[in-house]
Amino acid sequence: MTGRDIPEQYLDGYARILAEVSATGRRLTREEIESRRTLGEQAAEAGYGLRALVSAHLAAARAVRPAGPAPADSTLAAVHQVIDAFAEGYERAQRLAVRQEEAARREFIDDLLYGRSDLGRLAERAERFGLRLSHAHAVAVAEGPVAYEEGAPVARQVEQALLARFGNRDVLLTTKDGRLLCVAPGHEEEVLPYFAKQAHAATDGGTVAIGRPQPGPGGVVHSYEEALNALELAARLGLDEPVLRAADLLVYPVLTRDRQAMADLVLGTLGPLTTARGGAGPLLDTLTAYFDSGCVAAEAARRLSLSVRAMTYRLERIRTLTGADPADPAHRYMLQTAVIGARLLDWPAKEL
């Protein structure tokens, strides 16, 4: 757009101001400056570019011929005041538009994730943000060392990386409760793993959970809840993987679906460990390391900073107290399930 394309209404009174300044050498009045700010706001709201608007002001200034004794510096100072005030109003309108857009996006995300809006209306609003709720979507949730904030450097860095890699592929990036969320079409399988990589790198740590693709308007909510549950499971189980997939953790919700049955298994299988010197904690850590290392005693000993002899002694002590041998395949599944249940139920720290 060139200066000639700018409507005259955004230059209203400009030529008169410059003519009077060139004749008298006066400065702009407070009312004139405020009028320039107002015009700048209106031009921004109408969608005109600032470069074209400035060009139009300079072109109009050249058309004004000095009509008095005032030096050229006075006219140049007036042009500077006008453009500065106009740009201030323009930027003010842009900041307001950004805040309104962010507020609208946060409201939409809240309604989408908590189901506080009619589905038909929600689908219409979703299109504004590039989502087609009739299709399947998947959600990834990133949790960092510190809370993520809308517009913060980390969020902008991740968003720029996604745009550079995928362009506009109906991807929505936002923040919620201090976490960074990415909503992507279910068939775009590369988007969420790349988001996870960028979010992890941007904070030099943190964990990202990826929900499964789910269809329909409720699919985003379902996938989001899966991702949140995966983060919670990781915290309970002490999982240190940077990227968690809900599809890989489906066994854990199954194990805890009947909480009382799991509590009975934990107490019935591991309860005798509480009689050991130092309580059940050290022996439970021993079993955890043993199973996590593929039942290799030497590797488990290394993880616990123990000698192999000390590790062997602990395993034998567990066999004596529980009557179940961790090295025996017939006992291993029961023991390992009980250990997972203990971690999920935070036993023995919490009484069952």
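If you're wondering where the values come from, they're calculated on a predicted model, not measured in any experiment.
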Check each of T269, V266, L265 against T337 using the side-chain contact (heavy atoms from CB on, under 4.5 Å) test, and report the only one that passes. L265

Using atom types as modelled and distance alone, determine if a side-chain donor or acceptor of H331 lies under 3.5 Å from a backbone N or O of D325. yes

Is the backbone N or O of L284 less than 3.5 Å from a side-chain atom of T288, with the two atoms forming a donor-acceptor pair by type? yes

H187 side chain to P185 main-chain N or O, any donor-acceptor pair under 3.5 Å? no

State whether E32 and R36 are salt-bridged, where the test is any N-O pair (Lys NZ or Arg NE/NH1/NH2 against Asp/Glu carboxylate O) under 4.0 Å. no

Any donor-acceptor pair under 3.5 Å linking the side chain of H200 with the backbone of G206? yes

Does E8 have more than 12 heavy atoms from other residues, nucleotides or ligands lying within 6.0 Å of its CD? no

Has the side chain of S305 got a donor or acceptor atom that lies under 3.5 Å from a matching backbone atom of A301? no

Does T274 reach the main-chain N or O of G271 with its side chain, forming a donor-acceptor pair under 3.5 Å? yes

Keeping N229 on the side-chain end and E225 on the backbone end, is there a donor-acceptor pair under 3.5 Å? yes

Salt-bridged, R37 to E41, with N to O below 4.0 Å? no

Is it true that Y194 and F166 have ring centroids separated by less than 6.0 Å? yes

To the nearest 0.5 Å, what is the distance between CZ (R343) and CG (L239)? 6.5 Å

Does R332 make a cation-pi contact with F291, if we ask for NZ or CZ under 6.0 Å from the ring centre and within 45° of the axis? no

In terms of side-chain geometry, is the basic nitrogen of E299 or R303 positioned less than 4.0 Å from the acidic oxygen of its partner? yes

Does atom CD of E241 have more than 12 heavy-atom neighbours from other groups under 6.0 Å away? yes

Counting only heavy atoms not in R259, do more than 12 fall under 6.0 Å of its CZ? no

